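Only one structure is covered here, and it is reproduced in the block below.
What you see is a predicted model; the values in this text were computed from it and never measured. Every chain is numbered from 1 and lettered A, B, ... according to where its sequence line falls, protein lines coming before strand lines. Values below: all heavy atoms of this structure, side chains included; hydrogens, waters and symmetry mates excluded.
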Amino acid sequence: MLVGVLTGYGFLCYHYPARDRKMVPKYNPQEIETKWQARWEADNLYRVHENSERTKWYALTMFPYTSGDLHIGHWYAMAPSDVHARFKRMQGYNVMHPMGFDAFGLPAENAAIREGIHPYTWTMQNVETMRRQLKTMGSMYDWSREVVTCLPDYYKWTQWFFLKLYHAGLAYRSKSPANWCPECQTVLANEQVVGDGLCERCGTPVIRRDLEQWFFRITRYADELLEHSGIEWPERVKLMQRNWIGKSYGVEISFGLDYEGVEEKEIRVFTTRPDTIFGVTFMVFAPEHPLVAKLTAPECKEEVQAYIERARSQTEVERLSTEKEKTGVFIGSYAVNKLNGEKVPLWIADYVLLSYGTGAVMAVPAHDQRDFEFAHDYGLPIRVVIAPDGWSGEEFTEAYVEAGTMVNSGQFDGMPSEQGKEAISDFMEANGYGRRTESYRLRDWLISRQRYWGAPIPIIYCSNCGTVPVPESDLPVLLPEDAEFKPTGESPLKYCESFVNTTCPQCRGPASRETDTMDTFICSNWYFLRYTSPDYDRGPFDPEKLAYWMPVDQYTGGAEHATMHLLYARFFNKAIRDLGLVSFDEPFTRLFNQGIIVMERQKMSKSRGNVVNPDEYVARLGADTVRGYLMFVGPWEQGGGWDDSGISGIWRWLNRVWNLILEEQRGTDLPRMDREAENELRHQTHKTIRRVTEDLEKFRFNTMLAGLMEFTNYLSKLKDERGVAGSAWQDAVDKLMLLLAPTAPHMAEELWERTGHAYSIHNQSFPSWDEKLVAEEEVTLVIQVNGKLRDRVSVPVSITESEARELALSRERVRAHIDGKQIKNVIYVPGRLVNVVVG
RNA sequence: GCCGAGGUGGCGGAACAGGCAGACGCGACGGACUUAAAAUCCGUUGGGCUUCGGUCCUUGCGGGUUCGAAUCCCGCCCUCGGCACCA
C-alpha cells in the first residue's frame with residue numbers, strides 16, 4: 001500500500017538545479033533533524049516554567065494509549081496541534097505542551113495471557129518505543145512533564161480521587177444488570193457498548209449480568225453538564241453530549257393499586273405526554289421490575305416467570321433490535337387511572353427499560369408507536385384521545401404522535417393538546433395524582449472492571465465493619481506483581497491471595513480487598529492536572545502550579561470521545577471543584593476535534609491490523625515533510641482516507657524553499673529590483689503573514705500551506721527575474737523562515753542558522769503584518785453582461801462608481817454584447833464588479 | 001427512524017455576510033537536462049464546439065428566489081458520524 005515515494009525513487013540522490021545556479025548543499029532532513037532534536041533537548045529549549053510575565057497557554061493533545069507503536073493517525077492528531085502550540089509560543093505565550101501515556105487497559109493484559117509477558121513490562125516497552133517515535137516528530141513537548149498512568153506515583157492519586165468521591169457520596173456500589181463482555185470477561189460502561197450491543201473493544205455481543213458494581217454519580221451533574229456556556233467547543237460535540245444526557249420534561253403520574261398483601265398502593269410512571277392520560281389502556285413494566293413478582297396473579301406465575309427468564313438470557317443485540325416484534329405477557333392484575341377511575345391491565349414487556357424513568361410506562365397505543373404495535377399484536381384497545389386535524393373517527397393505522405385536539409378526555413375535551421399538557425399537569429399536581437419532573441437518558445457511570453491492569457479500587461470488605469475505604473496514608477494499593485494470568489480471562493486479582501487477604505483498617509481483623517480495578521477513563525480524567533506538577537508528592541498536583549496553568553486553553557483530539565472522556569472529565573472536574581480541589585468549572589476552555597485518518601474505510605488501529613507506520617516516511621523524507629503533508633491533505637477537522645500519493649508535493653516544496661533561500665543568485669545580468677518591485681514584494685510578504693496567521697489561528701493548516709507555497713512560487717519567480725538584492729528581499733526571506741518555523745521546525749532552524757541568524761528561530765516572535773502594506777492599490781474589476789463574465793480590468797481601488805460604470809460600458813468586449821440592446825440596469829459592487837443588465 | 005456533517009476536475013482539496021468556480025498540491029501530457037532512467041527545471045491540463053477572436057456547458061439530482069447562486073429557499077438521492085424501543 002505504500003506506493004510511490006517509498007518504492008524507490010531516489011529521494012536521497014543528489015540533485016543540483018539546472019542552468020547556471022550556484023551549487024547549494026542538498027536538503028538532508030535526516031541529518032538536520034537529528035542534529036536539532038539533540039540540540040533542543042540538550043538546551044531544554046521547550047522546558048517551561050510558571051512565568052508571571054507572559055500569558056500562559058496550555059496546549060493539550062489527547063495522550064495516546066500505549067498500544068505499541070505510533071501510526072499515521074497519531075501523527076495526524078499530534079503534528080498539527082504541535083504546529084499550533086509552536087505558533088502560540090512564537091506569539092509570545094508561555095506555552096506548556098506536554099505529552100504522556102494512557103497506560104492501563106485490556107490489551108496489556110491480553111498480551112500477558114497470550115505471550116506470558118507481564119502487563120507492566122509490555123506497557124513500558126511500548127512507552128519506550130512510542131516516546132522514541134514521538135521524538136522523531138520534532139514536537140515541542142516538554143518531556144520533563146511526562147505522565148504514565150500505570151505507574152504507582154500516578155495511580156496512587158487516581159485512588160486518592162476515588163476516595164474523595166467516595167467520601168462525598170459520589171462513588172457507590174450497587175447491584176444492577178450490567179453490560180458484560182464474555183470475551184473481555186468484564187463489565188462495560190454504556191458508553192463502551194457500540195452499534196447494536198457490541199463490545200467497543202472486541203466486537204463481541206454483550207450480555208446482561210447482575211453484578212455488584214461501583215458507580216460514579218455522574219447523573220447528579222446532568223444539568224450542569226448540559227450547560228456548555230463559557231467554553232468554546234464545536235457545536236457537534238456539545239450536541240452529542242446534550243443528546244447523550246437526554247433530558248426530557250414530563251410528569252410522574254401515580255396509578256392506584258389495591259391488592260391485599262401488597263404494601264405499595266401506587267405505581268408511578270414517567271411520561272412526557274400527560275395530555276394522553278385518558279388514552280391509557282394498559283400499563284407495562286420492565287421484566288426485571290421488582291414489583292412484578294408481587295403483582296403477578298397466581299394463575300399467571302408460570303408464564304410470567306418463563307418470559308422473564310427468556311428476557312434475561314437475551315443478548316443486548318437481540319433485545320435492542322428495533323425490528324424485533326414486541327413481546328410481553330399479562331401478569332393478571334390491574335392498576336387504576338386516577339383521572340377516570342378506569343382499571344387498566346398490567347403487562348410486562350422487554351421494550352420497557354428498568355433503568356429509565358420508573359421502569360414502568362403507561363401505554364397509550366393511539367399516540368405512541370411502540371404501544372401501538374404492542375396493542376395491535378396483543379389485541380389491546382386503542383383509544384384516540386388526541387384528534388388530528390380533520391379526523392372523523394376512522395381507525396388509526398399507526399400511532400398519531402403529533403399535537404391535536406383532545407377528545408375522549410372528560411373535562412379537557414376540545415382543548416389543544418399542547419395546552420392540555422399544562423392543564424392536566426396542573427390538575428394532577430393539584431389533586432396529588434402526579435408531579436412535574438425531568439428524566440435523563442444518562443446513567444451513572446459504571447467504573448469497575450473485573451480486570452488486573454487498572455488502578456485497584458481502594459476498598460476493603462470486613463465482616464465486622466462492612467465496606468471500609470483504604471486510609472489515604474495506605475495508598476497506593478499496589479497491583480501485586482505475582483498475579484497469575486489465566487487463559488480463562490478471569491481477573492487475576494480475584495485469585496491472588498497476597499492481594500485479596502488483608503486486615504481491616506478499622507478493627508484490624510481479617511478482611512479482603514476489592515478486586516475490581518477502575519475504568520481507564522478515570523485515569524484520563526485528571527492526567528492534564530498532573531502535567532502541571534508531575535513530581536509533586538503531597539497531592540495529585542501542586543495547587544499553585546495548577547492555578548497558574550489550568551484550565552487547558554486548547555484541547556485537541558478525536559470526536560469519538562464526545563460522550564466518553566470529554567463528558568467524564570467535565571463531570572470529574574465539577575465533582576472535585578465541589579470538593580474544593582480546583583476552582584474552575586470546566587477543564588478545557590477550547591476544544592478542536594480533528595478528523596480521523598481512515599485506511600480501507602476503517603479507523604486505523606493495531607487491533608484491526610490496518611496501521612500505516614510513519615517511521616518509513618520519516619526515514620526517507622524527514623519529519624518536516626510528513627508533518628506538512630498531514631496538514632496539507634485537507635481541513636484538519638475532516639480527516640480522510642490515507643493516501644501518500646501527494647507527499648512528494650510537500651517534499652518538493654520544502655526543497656524549493658531550501659534552494660531559494662540558500663542559493664546566492666540565479667543567472668547574471670538581471671535587471672535590479674526597482675522601487676515598484678520592492679513595494680510589491682513588501683505587499684506580498686505582508687499579505688502572506690496575515691494569511692498564514694489567520695489560518696493558523698483557525699487551524700486551517702491546508703490553506704496556510706497553500707499560502708506559503710504561493711509565496712514561495714512568487715519569490716522564486718521574482719528571484720529569476722529581478723535578483724535578490726535589497727532589504728525587501730532579505731526581509732521577505734526572513735519572514736518566510738519564521739512563518740515556516742511551526743510547520744517545519746527543523747528545516748526552519750537550519751536555514752535560520754545558515755543565513756547567519758542567532759539560535760533559535762523558535763525563540764523568535766511570529767511576524768506581524770502592517771495593514772497599510774497589505775492594502776491593495778489595484779483591484780480587478782469584473783464586468784458582466786446579464787450575469788455572464790465578459791471582461792475584467794485592473795483599476796485603482798479609488799475608482800468611483802460613475803467611473804466604473806463608464807469604463808464598463810466603454811469596453812470593447814462589453815459593447816459586443818450590449819450594442820443594439822436596451823440597458824435596463826447596471827449593478828455596481830464597489831471594488832468587485834459591474835453587471836450590465838440588457839433586455 | 002431521529003439528529004449532525006458533507007457531496008466541486010482523473011485525485012486531495014480552494015472559493016460560502018450571494019459577485020472572476022477550480023487557489024495550492026498530486027497525477028497526466030509535452031519540452032529542457034541525461035548515453036538512459038530517476039531527480040530537477042519550464043510549459044499545458046474541467047468538458048463541448050471554434051473561422052483560435054471567441055462561445056456554450058459545468059459545483060449530487062429536480063425546482064425556486066435574484067441583475068447575479070457552489071453559496072439562500074423547497075423537494076429528492078447518496079456518503080460519513082452519532083443516537084436508536086429513553087415512554
Across the strands shown, which category fits V361(A) at heavy-atom distances under 4.0 angstrom: base, sugar-phosphate, nothing?
-> base
H367(A) near the nucleic acid: base, sugar-phosphate alone, or nothing, with a heavy-atom cut-off under 4.0 Å?
-> nothing
Considering only the C1' atoms, how many Å lie between U51(B) and C61(B), rounded to the nearest integer?
-> 38 Å
How would you label the contact of S248(A) with the nucleic acid (heavy atoms, under 4.0 Å): base, sugar-phosphate, or nothing?
-> sugar-phosphate
Looking across every strand, which nucleic acid part, if any, lies under 4.0 Å from W244(A) by heavy atom: base, sugar-phosphate, or nothing?
-> sugar-phosphate
Atom pairs under 3.5 Å, N or O on each side, protein against nucleotides 19-22 of chain B: can you list them with distances?
{"from": "G19(B)", "atom 1": "O2'", "to": "R832(A)", "atom 2": "NE", "distance (Å)": "3.4"}
{"from": "G19(B)", "atom 1": "N2", "to": "Q784(A)", "atom 2": "OE1", "distance (Å)": "3.2"}
{"from": "G19(B)", "atom 1": "N2", "to": "N835(A)", "atom 2": "ND2", "distance (Å)": "3.3"}
{"from": "C20(B)", "atom 1": "O2", "to": "R792(A)", "atom 2": "NE", "distance (Å)": "3.1"}
{"from": "C20(B)", "atom 1": "O2", "to": "R792(A)", "atom 2": "NH1", "distance (Å)": "3.2"}
{"from": "C20(B)", "atom 1": "O2", "to": "R792(A)", "atom 2": "NH2", "distance (Å)": "3.2"}

Closest to the side chain of T703(A), out of A14(B), C57(B), G4(B), is A14(B)
Residue P635(A), side-chain heavy atoms: nucleotide from A14(B), G27(B), C85(B) that is nearest = A14(B)
Does G9(B) sit syn or anti, given that only angles within 90° of 0 count as syn?
-> syn
Answer yes if the side chains of E252(A) and T437(A) hold a donor-acceptor pair under 3.5 Å, and no otherwise.
-> no
Name the nucleic acid region contacted by V352(A), choosing base, sugar-phosphate or nothing; use a 4.0 angstrom heavy-atom cut-off, strictly under.
-> base
To the nearest angstrom, the CG-C1' distance between D644(A) and C11(B) comes to 13 Å
If the P atom of A87(B) is compared with that of C16(B), how far apart are they to the nearest Å?
-> 42 Å
If you look at every strand shown and take non-hydrogen atoms under 4.0 Å, does K824(A) touch a base, only sugar-phosphate, or nothing?
-> nothing
Same-atom distance (C1') from G47(B) to U8(B), integer angstrom = 14 Å
By ring-ring contact (aromatic ring centres under 6.0 Å, His included) - contacts of Y568(A) (at least two apart) | W445(A), F521(A)
Would you say the side chain of K326(A) and the base of C85(B) hold a donor-acceptor pair, judged only by whether the two atoms sit under 3.5 Å apart?
-> yes
Not counting sequence neighbours, which residues clear ring-ring contact (aromatic ring centres under 6.0 Å, His included) with H817(A)? List them please.
-> none
Should the ring pair H289(A) and F285(A) be called parallel, tilted or perpendicular, given that the plane angle runs from 0 to 90° and is split at 30 and 60?
-> perpendicular
Give the rounded distance in Å between these two atoms: CH2 of W642(A) and C1' of C26(B).
-> 13 Å
Is the NZ or CZ atom of K326(A) both under 6.0 Å from the centre of the six-membered ring of Y351(A) and within 45° of that ring's axis?
-> yes
Gap between atom CD1 of I386(A) and atom NZ of K421(A) - 0.5 Å precision | 9.0 Å
Taking only residues two or more places apart in sequence, or in another chain, which ones meet W75(A) in a ring-ring contact (aromatic ring centres under 6.0 Å, His included)?
-> none
What stems involve RNA chain B, if each pair must be Watson-Crick or G-U and both of its distances must be under 3.5 Å, with 3 or more such pairs in a row?
-> B:1-7 with B:77-83, B:10-12 with B:24-26, B:27-32 with B:40-45, B:46-49 with B:54-57, B:60-64 with B:72-76
Which part of the nucleic acid, if any, lies within contact of N713(A), taking any heavy atom under 4.0 Å across all strands shown: a base, the sugar-phosphate backbone alone, or nothing?
-> sugar-phosphate
Per the glycosidic torsion and the 90° limit around 0, nucleotide G7(B) is anti
Return the nearest nucleotide to the side chain of T272(A); candidates are A87(B), U55(B), C3(B).
-> A87(B)
What distance, rounded to whole Å, do you find between the two P atoms, one in A70(B) and one in G60(B)?
-> 10 Å
Using the C1' atom in both, what is the distance from G25(B) to G19(B), to the nearest Å?
-> 27 Å
For Y249(A) and R436(A), indicate whether the former's side chain and the latter's backbone hold a donor-acceptor pair under 3.5 Å.
-> no
Determine the interatomic distance between P on G64(B) and the same-named atom on G68(B); round to the nearest Å.
-> 13 Å
Quantified in whole Å, what is the C1' atom distance between nucleotide C73(B) and nucleotide G18(B)?
-> 13 Å
Which nucleotide in the set G13(B), G12(B), A87(B) lies at the smallest distance from any side-chain heavy atom of N702(A)?
-> G13(B)
Show me the donor-acceptor pairs within less than 3.5 Å that the side chains of residues 694-709 of chain A make with the rest of the protein, sequence neighbours left out.
{"from": "D695(A)", "atom 1": "OD1", "to": "R700(A)", "atom 2": "NE", "distance (Å)": "3.2"}
{"from": "D695(A)", "atom 1": "OD1", "to": "R700(A)", "atom 2": "NH2", "distance (Å)": "3.1"}
{"from": "D695(A)", "atom 1": "OD2", "to": "T703(A)", "atom 2": "OG1", "distance (Å)": "3.0"}
{"from": "D695(A)", "atom 1": "OD2", "to": "M704(A)", "atom 2": "N", "distance (Å)": "3.1"}
{"from": "E697(A)", "atom 1": "OE1", "to": "K88(A)", "atom 2": "NZ", "distance (Å)": "3.4"}
{"from": "E697(A)", "atom 1": "OE2", "to": "Q91(A)", "atom 2": "NE2", "distance (Å)": "3.3"}
{"from": "T703(A)", "atom 1": "OG1", "to": "R700(A)", "atom 2": "O", "distance (Å)": "3.2"}

Out of G54(B), C83(B), G4(B), which nucleotide sits closest to the side chain of R813(A)?
-> G54(B)
By ring-ring contact (aromatic ring centres under 6.0 Å, His included) - contacts of F255(A) (at least two apart) | none
Mind checking R242(A) for me? I need base, sugar-phosphate or nothing, with any heavy atom below 4.0 Å counting as a touch.
-> nothing
Measure the distance from CZ on F372(A) to P on C85(B) and round it to the nearest whole Å.
-> 20 Å
Return the nearest nucleotide to the side chain of E710(A); candidates are U40(B), C24(B), G12(B).
-> C24(B)
Partner set under side-chain hydrogen bond (donor to acceptor under 3.5 Å, both in side chains) for Q241(A), not counting sequence neighbours = H228(A), R570(A)
Residue R652(A), side-chain atoms from C-beta onward, closest of U40(B), G4(B), U55(B) = U40(B)
Partners passing side-chain hydrogen bond (donor to acceptor under 3.5 Å, both in side chains) against T397(A) (at least two apart in sequence or in another chain) = none
In whole Å, what separates the P atom of A32(B) from that of C49(B)?
-> 30 Å
